[in-house]
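The residues of the chain are indexed from 1 along the displayed sequence.
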Amino acid sequence: MNDMTGTADERLRRWRLVLGGDADGTGCALGGADAKMDGALAALYGRPGEQGRSGASRSAGLGASAPTVARWLGDIRGYFPSTVVQVMQQDAIERLNLTALLLEPEMLEAVEPDVHLVGTLLSLNRVMPDQARESARAVVRKVVEDLERRLAQRTRTAITGALDRSARTHRPRRPADIDWDRTIRANLKHYLPERRTVVPSRLVGYARRQQAVKREVVLCVDQSGSMAASVVYSGVFGAVLASMRSLKTSLVVFDTAVVDLTDRLADPVELLFGTQLGGGTDINRAIAYCQGLVTRPADTTFVLISDLYEGGVRQEMLRRVAAMLAAGIQVIVLLALSDEGAPSYDHDNAAALAAMGVPAFACTPDAFPSLMAAAVQRRDIRAWAERHLPAGAVG
């Protein structure tokens, strides 16, 4: 019976924390750490002047004081797991207009670093005072290092394997290098029915990895405000790809202007601080610049990361994509490179690209290494997307 009572009390306690307000609704009063946790939630999600059933006014809000907000940020890190803290921070920035306070070092030292926060800091880059810049760089560097630990080795492994498999040889050195599927098909005329086997007079295998550049990759990234998370992930992946000698990697960001950040790929933090989130969009101009970077069209993958809202000349943009395809360049369009799914995007432009054989879809960071491996092997990207993405995700 005591166990049942304890379970009911715990259920009431949880409902009280979810609903907020006073104890009248649930009959459950909070004390100690629970009361402090409830206060932290109410500061963000409570509505000023909201009244409980007793008629008492419910206090809410963090005000505009940096010390108060910094203290609140420290409190929620003690009460909630990191993933919840990141959501609450993002909500606080959006709901309580705390963006300006992020320019203060005290605030930056209190926050839990994540991709969304990095995007916000990058959008403030041009107005950030000197005393906040180093703290902001420390936040960005921590997020970049965490992403590299999570994604770098998997990306290198996937693409290196794809590069090795894309180069064929008739003299594989090891059994592991033999492409058995192609070998069997190449030797079907040597099938012995009585033994039910194929005699492989000619082997087909994968060439061993070489250090020479085998592929060119051009990442062209829309830096309009809605693409913040995509810019962060693109910078990290660009740095990883650039570290591979078998790839020649370029990274270009654009709004109405085009900025080539290829020379910053060795330091993704510097690269990210070279972006300027916000502003308009001229995809046509960006593609025109990227066309000039290509030296080996048949060995080049062009990845456009954009929501496709074109502020430039739409028809010229589509003609440039058609010209790339005709030259043998592999074109991939990602509506987003983030964990958030596809943002709002221009469906007409996505449909026009799909009609040209260029599907547009959102890709998660975890799926990006597999996508690039498929691109290196010149596999059907639409087929890859339909296998790896939710139904209906491919434009």
Side-chain angles (χ1 to χ4, degrees), residues 118-119 121-123 125-126 137 140-141 144 147-148 152 155 159 213-313 316-317 319-321 323-325 327-337 358 368 372 375:
V118 169
L121 293 177
L122 294 179
S123 70
N125 184 23
R126 296 293 185 268
R137 284 182 181 276
V140 174
R141 189 168 297 280
V144 166
L147 291 177
E148 286 182 320
T155 302
I159 294 176
V213 171
K214 296 181 180 180
R215 294 286 189 277
E216 295 185 10
V217 176
V218 180
L219 300 176
C220 185
V221 187
D222 184 342
Q223 59 177 355
S224 58
S226 62
M227 303 296 292
S230 297
V231 170
V232 176
Y233 282 114
S234 298
V236 173
F237 278 118
V240 173
L241 297 177
S243 71
M244 303 178 65
R245 293 183 181 180
S246 50
L247 297 178
K248 176 188 173 186
T249 303
S250 303
L251 190 143
V252 173
V253 297
F254 68 93
D255 41 38
T256 52
V258 179
V259 181
D260 191 334
L261 297 176
T262 303
D263 61 350
R264 302 193 189 190
L265 282 169
D267 186 345
V269 176
E270 277 300 311
L271 185 151
L272 290 173
F273 273 96
T275 64
Q276 177 58 61
L277 294 175
T281 308
D282 192 337
I283 304 172
N284 175 54
R285 186 175 183 182
I287 294 177
Y289 179 87
C290 291
Q291 283 178 297
L293 299 177
V294 177
T295 60
R296 299 163 53 181
D299 295 322
T300 297
T301 297
F302 173 71
V303 184
L304 173 64
I305 303 173
S306 173
D307 55 17
L308 297 179
Y309 286 111
E310 173 62 308
V313 184
E316 185 64 20
M317 181 264 288
R319 280 196 294 270
R320 289 190 186 279
V321 172
M324 281 185 156
L325 295 171
I329 298 172
Q330 183 179 41
V331 179
I332 299 172
V333 175
L334 302 182
L335 302 170
L337 178 56
V358 182
F368 188 75
M372 291 307 298

Chi angles and distances behind the side chain to side chain contact (heavy atoms under 4.5 Å, CB included) call for Leu334, Leu304: CA-CA 6 Å; Leu334 302 182; Leu304 173 64; over 6 Å; no
Start with the C-alpha distance between Tyr289 and Val252, add both sets of side-chain angles, then the distance that settles side chain to side chain contact (heavy atoms under 4.5 Å, CB included), and finish with yes or no. CA-CA 9 Å; Tyr289 179 87; Val252 173; 3.8 Å; yes
Please determine whether side chain to side chain contact (heavy atoms under 4.5 Å, CB included) holds for the pair Leu272 and Val231, giving the CA-CA distance in whole Å, both sets of side-chain angles, and the decisive distance to 0.1 Å. CA-CA 8 Å; Leu272 290 173; Val231 170; 4.2 Å; yes
Steps toward side chain to side chain contact (heavy atoms under 4.5 Å, CB included) verdict (Val218, Thr301): CA-CA 6 Å; Val218 180; Thr301 297; over 6 Å; no
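Looking at heavy atoms from C-beta onward, Val217 lies out of side-chain contact with Thr300 at the 4.5 angstrom threshold. Between Arg141 and Asp267 the shortest side-chain heavy-atom distance falls below 4.5 Å. Contact of the Met244 side chain with the Ile159 side chain is registered, since non-hydrogen atoms from C-beta on lie closer than 4.5 Å. The shortest side-chain heavy-atom distance between Phe254 and Val221 does not fall under the 4.5 Å cut-off. For the pair Gln330/Phe302, no side-chain contact is recorded, criterion being any heavy-atom separation below 4.5 Å from C-beta on. Using a 4.5 Å cut-off on side-chain heavy atoms (C-beta onward), Val232 and Leu122 make contact.
Salt bridge Asp299/Arg296: present, at least one basic N to carboxylate O contact under 4.0 Å.
Closest approach of Ser234 to Leu219, counting heavy atoms only: O-CD1, 4.1 Å. Between Arg264 and Gly274, the shortest heavy-atom distance links the atoms NH1-CA, 3.2 Å. Residues Gly312 and Asp282 come closest through the heavy atom pair CA-OD1, 3.7 Å. Taking every heavy atom of both residues into account, Pro268 and Glu148 meet most closely at CG-OE2, 3.7 Å. The two residues Met372 and Val303 come nearest to each other via the heavy atoms SD-CG2, 4.3 Å. Closest heavy-atom contact between Thr281 and Ser224: OG1-CB, 4.0 Å.
Arg319 contributes atom CZ, which lies 12.0 Å from atom CD1 of Ile287 (distance to the nearest 0.5 angstrom). We find the OG1-CZ distance between Thr249 and Phe237 to be 12.5 Å, quoted to the nearest 0.5 Å. Taken from CG in Leu335 to CG in Asp307, the straight-line distance is 8.0 Å, to the nearest 0.5 Å. Atom CD1 of Ile283 and atom SG of Cys290 lie 11.5 Å apart (nearest 0.5 Å). Annotation: the span from Cys220 atom SG to Asp260 atom CG amounts to 10.0 Å, rounded to 0.5 Å. Once rounded to the nearest 0.5 Å, the distance linking CD1 of Ile332 with CD1 of Ile305 reads 10.0 Å.
Between the side chain of Ser306 and the main chain of Leu308, a donor-acceptor pair closer than 3.5 Å is present. Side chain of Glu216 to backbone of Thr295: a donor-acceptor contact under 3.5 angstrom is found. Looking only at distances, a side-chain donor or acceptor of Thr262 sits under 3.5 Å from a matching main-chain atom of Leu251. The backbone N or O of Gln276 sits less than 3.5 Å from a side-chain atom of Gln223, completing a donor-acceptor pair.
Judged by the 6.0 Å distance and 45° axis criteria, Arg137 is positioned over the aromatic ring of Phe273.
For the side chain to side chain donor-acceptor pair (under 3.5 Å) criterion with Asn284, the lone passing option out of Glu310, Glu316, Arg320 is Arg320.
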